[in-house]
Number of protein chains: 2
Amino acid sequence: MNQVLRALNDPSRRRMLELLREKDLTAGELAAHFEMSKPSVSHHLDLLRQAELVVSVKKGQFVYYSINTSVLEDLMFWLVTLKKN
Amino acid sequence: MNQVLRALNDPSRRRMLELLREKDLTAGELAAHFEMSKPSVSHHLDLLRQAELVVSVKKGQFVYYSINTSVLEDLMFWLVTLKKN
DNA sequence: TAAACAATTAGGCAATTATCTAAATATCTA
DNA sequence: TAGATATTTAGATAATTGCCTAATTGTTTA
């Protein structure tokens, strides 16, 4: 949960997840949505991958990123528990 | 949501919320659960208060902290949305 | 096979964060 | 009212984060 929260603690990375919710994208396609440099995008994607919030697959010279929401479950459970009395 | 995620992105602060889930506590009672100095605890509580995850009320020389989970709702909604589709 | 393209890695820098000790503020009580 | 207690504020420092440019790696194609 630590790494998940760390990854979520940045607006750009949250936006990346929203974009990947729509469909899988390459690193370059993702980068096109942001003002920052490609290496910076790559760095953010690395943090998302460390948290296992995304999975990447290389196809030729492209790297496709997909969202993986299963790791959100612990966090959601924790949040719900916090709300219960 | 930004400030909430920032506040949640720290194990000590999450532990503080878990403790406050059980019952309201003073700054000193909270501090007793941690190894760090009281000013550091005070600083963490300030971040939680900025995120409105806690509310504080002064009673005499004590400051009582209570949890406020209502600000978690936006985050929870966002997480659920991310999982849909 | 050389040039172009996609992406990551490396290294550096500024801003932010977490922590500490010392000092200040506010309240209680002998 | 003086001293003790509870808490926060101030100021310093080390670690982390986010960003950049330059360099590297891997793949495609003319």
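To find a chain, count down the sequence lines: A is the first, B the second, and so on, and within it residues start at 1.
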Is it true that, when you exclude B:Glu52 itself, more than 12 heavy atoms of the residues, nucleotides or ligands shown sit nearer than 6.0 Å to its CD? no
Atom-pair distance (NE2 on A:His44; P on D:dT17), nearest Å: 12 Å
For a side-chain contact (heavy atoms from CB on, under 4.5 Å) with B:Arg13, tell me which candidate from B:Val41, B:Leu47, B:Leu45, B:Leu53 qualifies. B:Leu47
Is the phosphate of C:dT16, meaning OP1 or OP2, less than 4.0 Å from a side-chain N or O of B:Arg6? no
N/O donor-acceptor pair under 3.5 Å between B:Arg49 side chain and B:Tyr65 backbone: no
N/O (side chain, A:Tyr65) to phosphate O (OP1/OP2, C:dA6) under 4.0 Å: no
Hey, mind stepping through A:Arg15 and A:Glu18 against salt bridge (charged side-chain N to carboxylate O under 4.0 Å, His left out) and telling me if it holds? CA-CA 5 Å; A:Arg15 183 72 189 126; A:Glu18 288 172 355; 3.0 Å; yes
From CG of A:Leu30 across to C1' of C:dA7 the rounded distance in Å is 12 Å
Listing time: all N or O pairs from protein to nucleotides 20-22 of chain C that are below 3.5 Å?
unit_1: C:dC20; atom_1: OP2; unit_2: B:Ser37; atom_2: N; d: 2.9
unit_1: C:dC20; atom_1: OP2; unit_2: B:Ser37; atom_2: OG; d: 2.9
unit_1: C:dC20; atom_1: OP2; unit_2: B:Ser40; atom_2: OG; d: 2.7

Partner of A:Leu48 under side-chain contact (heavy atoms from CB on, under 4.5 Å), picked from A:Val54, A:Val55, A:Val4, A:Asp10, is A:Val54
Think A:Ser42 has a side-chain N or O under 4.0 angstrom from the OP1 or OP2 of C:dT9? no
Ignoring hydrogens and geometry, is there a side-chain-to-backbone donor-acceptor pair from A:Thr69 to A:Leu72 under 3.5 Å? no
Step by step, would you call B:Arg21 with B:Leu17 a side chain to side chain contact (heavy atoms under 4.5 Å, CB included)? CA-CA 6 Å; B:Arg21 191 186 81 98; B:Leu17 292 175; over 6 Å; no
Whole-Å distance, A:Gln3 CD to D:dT16 C1', equals 15 Å
Pairs: protein N or O with nucleotides 24-30 of chain D N or O, under 3.5 Å:
unit_1: D:dT27; atom_1: O3'; unit_2: A:Gln61; atom_2: N; d: 3.4

Could you tell me whether B:Tyr64 contacts a base, only the sugar-phosphate backbone, or nothing, with contacts defined as non-hydrogen atoms closer than 4.0 Å? nothing
Considering residues, nucleotides and ligands other than B:Glu22, do more than 12 of their heavy atoms fall under 6.0 Å from its CD? yes
Hey, are the side chains of B:Trp78 and B:Leu5 touching, using non-hydrogen atoms and a 4.5 Å cut-off? no
Between B:Leu8 and A:Leu8, does the side chain to side chain contact (heavy atoms under 4.5 Å, CB included) criterion hold? Intermediate values first, please. CA-CA 10 Å; B:Leu8 293 181; A:Leu8 294 180; over 6 Å; no
Using a 4.0 Å cut-off on heavy atoms, which residues in residues 7-23 of chain A reach DNA chain C? List them by number, or say none. none
d(CD, B:Gln50; P, C:dT16) in whole Å: 13 Å
Which nucleotide in C:dT19, D:dT8, D:dG18 has an atom nearest any side-chain atom of A:His43: D:dG18
Roughly how many Å is it from CG in B:Leu45 to C1' in C:dT19, rounded to a whole number? 15 Å
Just by distance, do the side chain of B:Thr81 and the backbone of B:Phe77 share a donor-acceptor pair under 3.5 Å? yes
Test side chain to side chain contact (heavy atoms under 4.5 Å, CB included) on A:Met76 and B:Val80; report intermediate values, then the result. CA-CA 9 Å; A:Met76 290 176 76; B:Val80 168; 3.3 Å; yes
For A:Asp46 and D:dC19, give me the distance from atom CG to atom P, rounded to whole Å. 14 Å
Heavy atoms only, 4.0 Å cut-off, all strands: where does A:Phe34 land among base, sugar-phosphate and nothing? nothing
Answer with base, sugar-phosphate or nothing: what part of the nucleic acid does A:Leu47 contact at a heavy-atom distance below 4.0 Å? sugar-phosphate
